[in-house]
Amino acid sequence: MSTGKKASSRSTSKKGGAQKEQKAKAEKKQKYDYVELAKASLTSGESQNFYGVIIDATFPYKTNKDKYICSLKVVDPSQHIKGLKGTGDGNDYATVVLYAKEFKDLPIVSRIGDIIRVHRATLRLHNHQRQFNASIFFNSSWSLFSTDKKTPAQEAGGAEGQQNENVPYQFSGKHYTFEKHEGAILSNLRKWASQYISSSNVVTTDMYVPLNKVQSEKGDFDVLAKIIHIHELDEYANELKLKDTTNQVWYTLALKTKFPHIRSGDVIRIRSATVDETATTKKVLNLSHYSNILTFLSNSKLAKELRGKIHDDHDKAAKGKVQHAAVVLTEVDKKWQNHPITPLHELFHEADNDPELSKETTFRTNFTVTKIEPVDVREWSKAYDKKTKKATSLKGQKGGSGFIYQVQFLVKDVSTLLNNNTYRILLYTHDGLGANFFNGQQASNLHTNDANRKKLEEYAERLTSFNSWVDAVVEKRNGFYFIKDTKLNF
DNA sequence: TTTTGGGG
């Protein structure tokens, strides 16, 4: 023993030496020594204890023969980055497989970045991965520690009391132990976890599939997305509206009792989902009994980034310069001001068959404009030959004459909101109908008249902006509806 | 308590 020499060389402070020896003795009595993940022994199958930062976990699930399993991925300072530092895509991690006789003996992990402590695990290689196995029904045990000040439950608002940093928020069995020397281990790992989660993605691109690619997945896959809306389906289930950085929107059902911690606006990782091939009206992900929905620590770099990057359509509209309630952008001539409004559905689906409507040729209708064609404003006006009734593009022409507008509004209203049809209302001014629509600005060669073109581009922007409505009088000719007696009011 | 099942 090397200590003998040291002790004798310090004979000048007998007291201090004795105290130290006593302390060392006491420390030796500690029951649990902890190994770093990468340094745990592979050879002996011996029982080992470790702390790990959780980066993935299944929900506890039942196997064929009355056994329950939870499998997790964990990292620590000794084992986390695969390949070279930083952007290296791919985590290095150890897996943990916990076996139990009962569901309640396994951890329900709901947050990436929290810490698990396992006692009496054995390590082996499985598929080239370091895999810790722990049988809770024999003598293994686990504890979950919060890395944030708040536990996941407290974070979600179901707050109960203060969180003591050395007290696990979940643990197996009736009691947990916490030895003095663990305080430093836990607090160091917390610091490291916090730093790791706030400075790197942790959930790397090899750990999930972008939503615009999931259709071609054969089996199950994982997802990284933001919950942009939660719709309460019934007393048991929520429907989550999910969007990821590919801007695809998918829906999934989440049982309230299984996932009580998720909130609208959360960035989540779904461990294991499949495409619902039977869904027809919208894109739906199916979850299994072993699927899990995990949130991130509050200071997660990845979650922060995605929260800022992904928005629902309403957010997007609200982000524009003018955040406004419904606005009507036009007015109809005085003589039509008391005329009733006919919904688009009646105009396009019922007008021909309805005995009353079929007699009419002029209607007043309200709609929003989803798109204007031609997309190039310079092509909104044409040269019109009255004899041949032909309209030609003014592209490449210096002057020209007989200018008219030929513009198509792609429109929607409440009566047509839920179908996928596109309805067109025309602003064609060859017979004079609608000639004053753009505040009296007459058609001209928009390839050369920059002032007029710019004005029309402004109008296009307003007409297609969120929640803006057109109140218009239209005349039916040959099955088409042409705007007349209507002009912009701004 | 078991070579469990492990991306189920």
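Chain identifiers are assigned alphabetically (A, B, ...) following the order of the sequence lines, protein sequences preceding nucleic acid strands; residue numbering begins at 1 within each chain. When reading the values below, keep in mind they use all heavy atoms of this one structure, side chains included, and skip hydrogens, waters and symmetry mates.
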Mind jotting down which residue pairs meet the ring-ring contact (aromatic ring centres under 6.0 Å, His included) criterion with at least one end in residues 200-252 of chain A? Sequence neighbours excluded, please. none
Is the A:Y51 ring parallel, tilted or perpendicular to the A:F145 ring (thresholds 30°, 60°)? tilted
Given the structure, check if the side chain of [X] and the base of [N] hold any donor-acceptor pair shorter than 3.5 Å.
X	N	answer
A:K65	B:dG5	no
A:D220	B:dG8	yes
A:N127	B:dG6	no

Kindly write out the residues that satisfy side-chain hydrogen bond (donor to acceptor under 3.5 Å, both in side chains) with A:N127, not counting sequence neighbours, or none if the list is empty. none
Whole-Å gap separating [atom2] ([N]) and [atom1] ([X]):
X	N	atom1	atom2	result
A:Y208	B:dG7	OH	P	20 Å
A:L98	B:dT1	CG	P	18 Å
A:N292	B:dG6	CG	P	15 Å

Of A:Y34, A:F50, A:F138, the one forming a ring-ring contact (aromatic ring centres under 6.0 Å, His included) with A:H119 is A:Y34
By nearest heavy atom, map A:A134 and A:M207 onto DNA chain B; which one lands nearer the 5' end? A:A134
Considering only B:dG8, B:dG5, B:dT1, which nucleotide approaches the side chain of A:F138 most closely? B:dT1
Verify stack between A:F137 ring and B:dT1 base, 5.5 Å, 30 degrees: no
